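Presented below is the structure to which this report refers.
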Amino acid sequence: SSGINAEQAVVSTQSTMENNYEQKDVDEAILRVFQSLDAPITPGYKGLRYFLSGISDEVFASHRVSIKDVKVQDLKVVADKYLLDPTVSGKAMIGGLQQGLEDMGWKVHNQ
């Protein structure tokens with residue numbers, strides 16, 4: 001299997017968060033995020049974000065400011081809450097119906 005399992009992801013997250021990142025590392029990451037957020041939009045795509053997702057320019061601008069204000073401690077809090085000790089977790093499998101999944105505890109939704 002080429003993917004990583006949940007235990008590997010937790011170990012990876014733990015080792016990542018144990019590193020002593022400095023604010024300059026976070027600021028460099030934020031600049032990389034801004035490269036895609038601030039990419040020029042062709043006239044034909046103006047308004048497409050709102051049409052597809054309901055995100056207005058004002059909400060987008062507010063989100064951008066929130067990203068700009070991220071600190072190292074914020075990343076640690078989010079990693080602890082959502083990656084290291086998630087309150088909700090789940091698994092999904094997409095593909096053809098396999099016999100015996102219900103017996104293994106899977107809930108199968110046929111669509």
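Keep in mind that this is a model prediction, so the values were computed, not measured. Side chains included, hydrogens not; waters and symmetry mates left out as well; all remaining heavy atoms used.
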**Asked** Checking Ser53 side chain against Tyr50 main chain: does a donor-acceptor pair fall under 3.5 Å?
**Response**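 Not at all, since once roles are kept as given, no pair shorter than 3.5 Å links the two residues.
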**Test side chain to side chain donor-acceptor pair (under 3.5 Å) applied to Asp74 - qualifying residues, sequence neighbours left out** =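 Testing Asp74 for side chain to side chain donor-acceptor pair (under 3.5 Å), a comparison that skips the adjacent residues, returns none.
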**Prompt:** Among the clusters formed by ILVMFWY side chains lying less than 4.5 Å apart, do Phe34 and Ile41 turn up in the same one?
**Reply:**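 No; Ile41 is not reachable from Phe34 via cluster members.
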**Item:** Joint hydrophobic cluster, Leu75 plus Val33, side-chain heavy atoms closer than 4.5 Å
**Value:**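 Yes.
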Can you give me every donor-acceptor pair (side chain of residues 58-65, partner residue at least two apart or in another chain, under 3.5 Å) with its distance?
| unit_1 | atom_1 | unit_2 | atom_2 | d |
| --- | --- | --- | --- | --- |
| Glu58 | OE1 | Ser56 | OG | 3.3 |
| Arg64 | NE | Asp38 | OD1 | 2.9 |
| Arg64 | NE | Asp38 | OD2 | 3.3 |
| Arg64 | NH2 | Asp38 | OD2 | 2.6 |

**Message:** Show the nearest heavy-atom pair for residues Ile30 and Ile67, with the distance to one decimal.
**Reply:**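 Between these two residues, the closest heavy atoms are CD1-O, 3.3 Å.
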**Asked** Taking only residues two or more places apart in sequence or in another chain, which ones pass side-chain contact (heavy atoms from CB on, under 4.5 Å) with Phe51?
**Response**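 Phe51 satisfies side-chain contact (heavy atoms from CB on, under 4.5 Å) with Leu48 only.
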**Message:** Can you tell me if Lys71 has over 12 outside heavy atoms packed within less than 6.0 Å of its NZ?
**Reply:**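 Enclosed: over 12 neighbouring heavy atoms sit under 6.0 Å from NZ of Lys71.
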**Item:** salt bridge (Lys or Arg N to Asp or Glu O under 4.0 Å) partners of residues 99-108, not counting sequence neighbours, each pair once
**Value:**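 Salt bridge (Lys or Arg N to Asp or Glu O under 4.0 Å) check on residues 99-108 returns no pairs.
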**Asked** Which hydrophobic side chains are connected to Leu31, either touching it within the sub-4.5 Å cutoff or through other members that do?
**Response**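 The other cluster members (ILVMFWY side chains, heavy atoms under 4.5 Å, direct or chained): none.
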**Item:** Residue pairs, two or more places apart or on separate chains, that pass side-chain hydrogen bond (donor to acceptor under 3.5 Å, both in side chains) and touch residues 24-35
**Value:**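 side-chain hydrogen bond (donor to acceptor under 3.5 Å, both in side chains) check on residues 24-35 returns Gln23-Asp27.
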